[in-house]
Amino acid sequence: MHPRAYPRWVIDSTNATDPAGEPAVQWRACAGVRAFVRKTGKAGMGITLEVRSRTDCPATITRAAVVIPDHARRLHAEATVPVIPELRGRSLRYLWMPVHFDADELWNRGARVATLELELAIDGVAQPAITWPLVTLWSGPFL
Amino acid sequence: MILVVLAGCPGLKRHDIRNAHGVIDIDAPPSQLQRGDPAYHEPPADPGEHHLGIAPGFFVGPGTGRIDTAESDASVEAGVQLHLSYGESDTSVGRDGFGYPWTAWGVSIGWGFQAHAGHGTIAAPVYLEATRHFYIASASAGIAVYPTAGKVAGGLAEGVDLGGQVTLGFWPYMLRMRYMQDTGFELFGVVQLELPTSITWSR
């Protein structure tokens with residue numbers, strides 16, 4: 001019996017890795033962020049955000065979304081933005097961020113790539129957006 | 001049974017990739033939220049599958065009732081049938097599993113001819129039945145229409161003969177009973193052989 005395989009979204013970090021081969025931290029002023037897709041399902045995807053700081057850093061996430069090109073239009077699936085706890089000195093925090101969208105409908109329409117966009121504000125000052133390319137991994141219906 | 005087993009053969013079963021994603025609660029953080037392993041991914045649950053069964057086949061067997069003569073009312077009926085059925089399962093079948101719905105509702109449509117001793121052959125009724133099958137057991141009920149009417153005794157009358165049909169089966173044996181408007185009760189015992197195929201896709 002061959003169990004089923006399921007598609008999963010992953011961050012395509014092929015072109016953005018650190019010297020150790022890990023996905024690179026994206027820095028905006030005093031705050032650095034990495035993203036990991038931990039859950040993929042019919043309801044969308046769940047992402048772990050790793051947020052770190054070098055000094056005291058009043059950072060907030062102002063917006064996050066997954067942008068999926070779907071034929072002639074671009075679907076924006078807004079994420080449930082988490083609150084960043086106070087970052088004092090050299091800190092490391094993990095946050096959970098679900099992104100709801102109809103994954104089955106987009107899969108049936110052939111959408112296999114997307115972009116994760118995240119906007120930070122440091123002490124109220126907007127920072128350039130951070131983007132990560134997303135791709136779908138799927139080996140076929142059965143393992 | 002050989003034909004039933006064939007339903008699991010790769011060439012007779014097609015797995016559609018629609019609705020490929022699994023089921024998972026994306027609002028609940030995973031137990032390993034703080035893992036920095038880029039490859040860690042919590043697997044989703046199986047959403048189950050839809051199964052569409054397509055079974056063309058043929059049948060043949062003896063019966064009685066259509067022709068009422070003093071000499072004999074025995075006949076042999078043979079024909080072809082197409083059976084379509086739909087079912088769901090809570091788990092995905094897998095590459096080597098049967099894709100055909102074992103318990104399902106469906107429809108059967110068939111047509112053939114009857115050979116009557118001393119009276120040649122006539123067209124058998126076209127029938128349309130609703131079917132409920134449970135593995136190799138089945139029960140069907142529907143309508144049957146003979147393209148010609150009347151009792152065969154000194155010639156056939158024109159027109160159509162409408163009636164009801166019930167079929168009880170324990171594959172490959174079927175007991176087929178009809179009540180026709182012009183000729184009354186009929187009873188046929190047939191052997192029915194099918195080549196089942198299936199299309200499955202995720203819920």
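Computed from a predicted model, the values in this text were never measured in an experiment. Chain A is the first sequence line, chain B the second, and so forth, proteins listed ahead of strands; every chain is numbered from 1.
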*To the nearest 0.5 Å, how far apart are CD1 in B:I24 and OH in A:Y6?*
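Spacing of CD1 (B:I24) from OH (A:Y6) equals 10.5 Å.
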
Determine yes or no for a side-chain-to-main-chain donor-acceptor pair under 3.5 angstrom, with [X] supplying the side chain and [Y] the backbone.
X	Y	value
A:W138	B:A20	no
A:K42	B:R203	yes
A:W107	B:I17	yes
A:K39	B:P44	no

*Taking it one step at a time, do A:R38 and B:Y40 satisfy side chain to side chain contact (heavy atoms under 4.5 Å, CB included)?*
CA-CA 6 Å; A:R38 295 300 188 213; B:Y40 174 73; 3.6 Å; yes

At a 4.5 Å cut-off on heavy atoms, which part of [X] comes close to chain B: side chain, backbone, both, or neither?
X	result
A:V99	backbone
A:L92	neither
A:M97	neither

So do [Y] and [X] actually touch side chain to side chain, heavy atoms under 4.5 Å?
X	Y	result
B:H41	A:R8	yes
A:N108	B:N19	yes
B:P29	A:Y94	no
B:D27	A:H100	yes

*Identify which part of B:A45 has an atom lying under 4.5 Å from any heavy atom of chain A, answering side chain, backbone, both or neither.*
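For B:A45, the backbone is the part near chain A, not the side chain.
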
*If you count heavy-atom pairs under 4.5 Å with chain A, which of B:V23, B:T91, B:D16, B:D46 comes out on top?*
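Among B:V23, B:T91, B:D16, B:D46, the one with the most close pairs to chain A is B:D46.
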
*Does a donor on one side chain and an acceptor on the other come within less than 3.5 Å for B:S202 and A:R4?*
yes

*asked:* Is it the case that over 12 heavy atoms from other parts of the model lie below 6.0 angstrom from the OH atom of B:Y86?
replied: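 Correct, the count exceeds 12.
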
*Might you confirm whether atom CZ of A:R63 has over 12 heavy atoms from other residues, nucleotides or ligands at distances under 6.0 Å?*
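Atom CZ in A:R63 is crowded, with more than 12 foreign heavy atoms closer than 6.0 Å.
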
